[in-house]
**Q** 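Before anything else, here's the structure in question.
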Amino acid sequence: MKQFINVNDIGDIRAAVAEALEVKANRFAYKHLGENKTLLMIFFNSSLRTRLSTQKAAMNLGMNVIVLDVNQGAWKLETERGVIMDGDKPEHLLEAIPVMGCYCDVIGVRSFARFENKADDYEERILNQFIRYSGRPVFAMETATVHPLQSFADLITIEEHKTKARPKVVLTWAPHPRALPQAVPNSFAQWMNAADYELVITHPHGYELNPAFTGNAPIVYDQDEALRGADFVYAKNWSAYADPNYGKILCTDRSWTITTEKMALTDNAYFMHCLPVRRNMIVSDDVIESPRSLVIPEAANREISAEVVIKRILESL
Ligand code: CP
């Protein structure tokens, strides 16, 4: 595998889950693969889980790891070509990327949507420059539009807990004080469709996601109706995708918060969220602390999804 951005990059999704469970049972079995190999993790944005789980995965595989926080300690980077660089950014990404590629064998990139220009975000301008100019395999650690390591971990977690071959999985919008990207719900929808689960999406009007990710999943604007019979409830906030409101907050209705009363509408569903989560905005304390909450197992499986991805990249070097 030379890159990991979308669900297609992982190939047969059932085989990927089987491999993940095998890796989880013996996570140091492939330590030889990473000997004398270096992973460079580049963060344009903050992280707790992605940083720790991906580094742990690489260490399980015997790799050396370098972490660069672009906005803390590195030169500020200009990303636009043609700019007269007389401002506060002394280095251009087009030099920085090949230089970074000199010091490593594999690159992970975290670069969120900037909400300055929808086309730039959805064309993945930053990520694609790494793919084009680094000379190294690149994997996404949450980009402007996708978060595949999270979705792969979510899929593993559902496979570990489901009691039906085709569970009903509800992706629900929930309120948040800041405008958040669509990366997590985009990827989650894409991976749930690939897994052929019964995916239902619920959100207020105006929060429709890019159909390239949601496919044929039904949108139910009544959250209570969507939650009925759910086996898994995946809560997430996102900002508007559709023009002219791209990146905007359209709704702050707290009746969308996932509470015990909302979970009572489901078929004793598990609660899921990628974290970090704003308690009592996205989900109530009692739901996230309940025995049906999977937020910690999801986070634990981030180590496993990252290990499978890096393992496959190492096997292809
Ligand atoms: N879920 C997730 O990616 O967490 P971080 O932003 O902390 O990495």
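First listed ligand is number 1; within each ligand, the first listed atom is number 1.
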**Q** When clusters are formed from ILVMFWY side-chain contacts under 4.5 Å, directly or step by step, what else is grouped with V295?
**A**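 Listed partners: V170, V200, V220, L227, V233, I258, M263, L265, F271, L275, V277, I282, V283, V287, I288, I296.
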
**Q** Looking at I5, I313, L127, which hits side-chain contact (heavy atoms from CB on, under 4.5 Å) with F139?
**A** I313

**Q** Report all protein residues having a heavy-atom distance below 4.0 Å to some atom of ligand 1; order the list by chain, then number.
**A**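 Under the 4.0 Å cut-off, ligand 1 touches S47, L48, R49, T50, R110, H147, Q150, C274, L275, R302.
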
**Q** Do you know which two heavy atoms are closest between A306 and L149, and how far apart they sit?
**A**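 Closest heavy-atom pair between A306 and L149: CA-CD2, 3.8 Å.
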
**Q** Would you name the heavy atoms of Y221 and P204 that are closest together and state the gap between them?
**A** CD2-C, 4.1 Å

**Q** What donor-acceptor contacts under 3.5 angstrom involve side-chain atoms of residues 95-108, with partners at least two apart or in another chain?
**A**
{"unit_1": "D105", "atom_1": "OD2", "unit_2": "T38", "atom_2": "N", "d": "2.7"}

**Q** Under the side-chain contact (heavy atoms from CB on, under 4.5 Å) test, which residues partner L52, sequence neighbours left out?
**A**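 Checked L52 against side-chain contact (heavy atoms from CB on, under 4.5 Å); matches are L48.
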
